[in-house]
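Step one of this worksheet: look at the structure below.
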Amino acid sequence: MKNRTKTITAIGMLCALAYAAAAVGRVPLVLFLKYDPKDVVIAAGGFLFGPPASLAIALIVSLAELLSISETGLWGFIMNVISSCSFACTASLLYRKRRTASGAAAGLLCGWGCMVLAMLFWNYLIAPIYMGCPRQVVAEMLLPVFLPFNLIKGGLNAAVTMLLYKPLTAAQGRSRL
């Protein structure tokens with residue numbers, strides 16, 4: 001029971017940290033698209049506690065964003081969950097199978113690729129709705145706008161998460177989670 005309480009508390013703290021990263025760390029990159037480092041925290045949560053933790057953190061943080069700082073409403077919530085989960089859940093799922101630095105790197109690379117592909121597909125489907133423009137306009141933006149944005153976003157998330165890998169595993173060992 002004590003370990004479960006520690007885990008729930010740690011996941012709650014990761015939710016707060018991910019939300020703070022989303023609220024304070026937003027940086028405009030391409031046109032209207034903004035990068036925030038919340039997926040680094042979500043992936044770290046997945047490395048520490050597994051893919052279900054990544055899913056929970058992504059849902060909670062995206063809901064908090066929807067209710068407070070979102071400029072895209074429900075559609076932005078859906079896109080945030082898809083983006084965060086395709087990156088962090090994939091990375092943590094692969095890391096679960098091989099808990100080494102190379103397993104983390106492989107998971108992050110696969111998560112990066114999964115996120116890029118998923119977001120190209122979902123931007124094609126959903127972006128016309130929240131952007132209020134024809135699908136053809138979004139289709140023309142996929143390669144010159146959405147692809148570079150997602151490559152940069154995923155690359156930054158993977159690189160920063162990998163830099164935090166050693167301190168994370170050391171902290172996990174000390175906390176006995």
Please output the side-chain donor-acceptor pairs of residues 49-61 that fall under 3.5 Å, not counting sequence neighbours, one pair per line with the distance.
{"unit_1": "S54", "atom_1": "OG", "unit_2": "I42", "atom_2": "O", "d": "3.2"}
{"unit_1": "S54", "atom_1": "OG", "unit_2": "G46", "atom_2": "N", "d": "3.3"}

Side chain to side chain, [X] and [Y], heavy atoms closer than 4.5 Å:
X	Y	value
I152	Y35	no
Y19	K38	no
E65	F77	no
V116	L147	yes
Y130	M79	yes
W112	N157	no

Using the rule that two of Ile, Leu, Val, Met, Phe, Trp, Tyr join whenever any of their side-chain heavy atoms come within less than 4.5 Å, decide whether [X] and [Y] are in one cluster.
X	Y	value
L17	L63	yes
V30	L151	yes
V137	L33	yes
L66	V24	no

Does L125 form a side-chain contact (heavy atoms from CB on, under 4.5 Å) with F121? I'd like the steps, not just the answer. CA-CA 6 Å; L125 289 180; F121 175 74; 3.3 Å; yes

Where is the tightest heavy-atom contact between [X] and [Y], given as atom of each residue plus distance?
X	Y	result
S83	K153	OG-NZ, 2.9 Å
P134	P128	C-CB, 4.3 Å
I78	I126	CG2-CD1, 3.9 Å
A23	I69	CA-CD1, 3.7 Å
G154	F87	O-CE1, 4.1 Å
M119	N150	CB-ND2, 3.6 Å

I'd like to know if the side chain of T72 and the backbone of W75 have a donor-acceptor N/O pair within less than 3.5 Å.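 No, the answer is negative, given that no donor and acceptor are paired below the 3.5 Å cut-off.
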
Taking S84 for its side chain and V81 for its backbone only, find out whether a donor-acceptor pair lies under 3.5 Å.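 No; zero donor-acceptor contacts below 3.5 Å.
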
Gap between atom [atom2] of [Y] and atom [atom1] of [X] - 0.5 Å precision:
X	Y	atom1	atom2	value
S62	I82	OG	CD1	10.0 Å
L31	M131	CG	CE	8.5 Å
E140	F146	CD	CZ	12.0 Å
M115	L117	CE	CG	9.5 Å
L109	C114	CG	SG	12.5 Å
L108	S92	CG	OG	9.5 Å

Ring pair (Phe, Tyr, Trp, His ring centres under 6.0 Å) involving Y95 - partner list, sequence neighbours excluded: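 Expected list: F47, Y165.
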
